[in-house]
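One structure is given here, and the rest of the page talks about it.
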Amino acid sequence: MPGERLTHQDRRAIAAGLAAGLTYSDIARGLQRPASTVTREIIRNGGPAGYRADQAHQATKRRAQRRTSTPSTSSPGVPAAATYGRAAEAMHDFRERFAALLGGTGLPPMMSRVLACLYATDTGSLTSAELVRQLQVSPASISKAVGYLEKQELIRRERDPRRRRDRYVIDEDVWYQALLASARVNAELADTAEQGAKVLGATTPGGARLRDVSQFLGHVNHDIVHSANHWRQIYCRRTADR
């Protein structure tokens, strides 16, 4: 069970648990799932106030279908910078500046460079070999970087059937997913702080402090997720109209 995907019934149980005021950890224990799985599911699908089991299940199906779609590819051997007459040196400088800024958010240096390289590519996808050539690093460095970025859900892996190799694709919702990743951490912190308040006793100084931390993070997280979902819908409609 812990290694399997959430079912529709699981999602209904999550919705029922939220309605009953259970913590993420309590819901996870009832489903015999890791707390991180439940936290990610809730945050990714509207947050505790906006989570709907049926909508979450359909959204997951759509994401799965998108991952299995045939990836778009650029002509092999043609540098992306040359496609629109761009200066290769200027593109390199931009990627390095962008990577440095990403690193300032806490992303490790090599992961930042890979993400910046993907984001500055018109197709939004590159193979491991292409990343090695563009960044002039070892295949092992690329493998470690893409593994980390996949785990953080900032990129995804797609199979290119024509060239029989994997391509690493920048997610269209990369910034949305980055916000949700941060929100998941905050949600876990809030949940743990709430549990700590119960352990210490809500009326004790330590318990009251942890309760305040839990409530603060919970309210801020709710605002972040609500705003992210709101603006994501607007930009999705704008992209569809282009």
> Can you list the steps and then say if Glu130 with Arg167 is a side-chain contact (heavy atoms from CB on, under 4.5 Å)?
Replying inline: CA-CA 9 Å; Glu130 289 168 339; Arg167 299 188 69 84; 3.5 Å; yes
>> Using the rule given for side-chain contact (heavy atoms from CB on, under 4.5 Å), can you reason through Ile27 versus Leu18, listing the C-alpha separation, both sets of side-chain angles and the distance that settles it, and then say yes or no?
In response: CA-CA 8 Å; Ile27 296 171; Leu18 290 172; 4.0 Å; yes
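- No chain of hydrophobic side-chain contacts below 4.5 Å, direct or via other Ile, Leu, Val, Met, Phe, Trp or Tyr residues, connects Tyr51 to Ile224.
- Salt-bridge formation is detected for the pair Glu41/Arg11: a Lys NZ or Arg NE/NH1/NH2 atom is positioned less than 4.0 Å from an Asp or Glu carboxylate oxygen.
- Under 4.0 Å is where a charged nitrogen must lie from a carboxylate oxygen, and between Arg211 and Glu194 no such pair does.
- Leu210 and Tyr24 fall into different hydrophobic clusters, defined by Ile, Leu, Val, Met, Phe, Trp and Tyr side-chain heavy atoms under 4.5 Å apart, directly or through other members.
- At a threshold of 4.5 Å between non-hydrogen side-chain atoms, the residues Leu131 and Cys117 count as touching.
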> Yes or no on side-chain contact (heavy atoms from CB on, under 4.5 Å) for Gln9 and Thr7, after CA distance, side-chain angles and deciding distance?
Replying inline: CA-CA 5 Å; Gln9 189 60 36; Thr7 65; 3.8 Å; yes
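- The side-chain heavy atoms of Leu6 and Ile14, taken from C-beta on, include a pair separated by under 4.5 Å.
- When side chains are defined from C-beta on, Ser128 does not count as touching Val146, because their heavy atoms never get closer than 4.5 Å.
- Closest of all the heavy-atom pairs between Ala120 and Phe94 is CB-CE2, 3.9 Å.
- Closest heavy-atom contact between Leu135 and Arg113: O-NH2, 3.4 Å.
- Under a hydrophobic clustering in which Ile, Leu, Val, Met, Phe, Trp and Tyr are joined whenever their side-chain heavy atoms come within less than 4.5 Å, directly or via other members, Leu102 and Leu179 fall into different clusters.
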Counting only pairs under 3.5 Å, give me each side-chain donor-acceptor contact of residues 185-193, with atom names and distances, residues two or more places apart or in other chains.
{"unit_1": "Asn186", "atom_1": "ND2", "unit_2": "Asn221", "atom_2": "OD1", "d": "3.4"}
{"unit_1": "Asp191", "atom_1": "OD2", "unit_2": "Ser25", "atom_2": "N", "d": "3.1"}
{"unit_1": "Asp191", "atom_1": "OD2", "unit_2": "Ser25", "atom_2": "OG", "d": "2.7"}
{"unit_1": "Thr192", "atom_1": "OG1", "unit_2": "Glu188", "atom_2": "O", "d": "2.9"}

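- Side-chain contact between Asp166 and Glu158 is absent, with no heavy atoms from C-beta onward closer than 4.5 Å.
- Leu118 has its side chain out of reach of Leu154: every pair of non-hydrogen atoms, C-beta onward, lies at least 4.5 Å apart.
- Closest approach of Ile170 to Tyr119, counting heavy atoms only: CG1-CD1, 3.6 Å.
- Nearest heavy atoms, Ile42 versus Pro48: CG2-N, 3.6 Å.
- By the rule that hydrophobic residues join a cluster once side-chain heavy atoms approach within less than 4.5 Å of another member, Leu115 and Phe98 end up as members of one cluster.
- The side chain to side chain contact (heavy atoms under 4.5 Å, CB included) with Ser125 is formed by just one residue from the set Thr121, Thr123, Asp122; it is Thr123.
- Considering only heavy atoms from C-beta on, Arg33 comes within 4.5 Å of Asp10 through its side chain.
- Note on Arg209 versus Asp212: no salt bridge recorded, every NZ/NE/NH1/NH2 to OD/OE distance being 4.0 Å or above.
- With Asp93 as the fixed residue, the side chain to side chain contact (heavy atoms under 4.5 Å, CB included) test singles out one of Arg97, Arg95, Glu96: Arg97.
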> What do the steps show when you test Gln55 against Gln58 for side-chain contact (heavy atoms from CB on, under 4.5 Å), and what is the final call?
Replying inline: CA-CA 5 Å; Gln55 294 176 8; Gln58 290 302 316; 5.9 Å; no
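- Side chain of Ser227 to main chain of Asp223: no donor-acceptor pair is present (N/O by atom type, distance under 3.5 Å, no hydrogens or angles).
- Looking at every heavy atom in both residues, Val114 comes nearest to Ala145 through CG2-CB, 3.7 Å.
- Atom CE of residue Met91 and atom CD of residue Gln134 lie 8.0 Å apart, to the nearest 0.5 angstrom.
- Taking the side chain as every heavy atom from C-beta outward, Thr60 and Arg5 never approach each other to under 4.5 Å.
- With Gln32 contributing its side chain and Arg29 its backbone, the two residues share no donor-acceptor pair below 3.5 Å.
- In this structure, Tyr176 is a member of the same hydrophobic cluster as Val225, with clusters built from ILVMFWY side-chain heavy atoms closer than 4.5 Å.
- The closest donor-acceptor contact from the side chain of Ser141 to the backbone of Val137 lies at 3.5 Å or more, if one exists at all.
- His57 and Asn45 share no side-chain donor-acceptor pair at under 3.5 Å.
- The number of heavy-atom neighbours closer than 6.0 Å to NE2 of His226, taken from other residues, nucleotides and ligands shown, is 12 or below.
- Side-chain contact between Leu149 and Tyr168 is absent, with no heavy-atom pair separated by less than 4.5 Å.
- The two residues Leu31 and Ala13 have their closest heavy-atom pair at CD2-CB, 3.8 Å.
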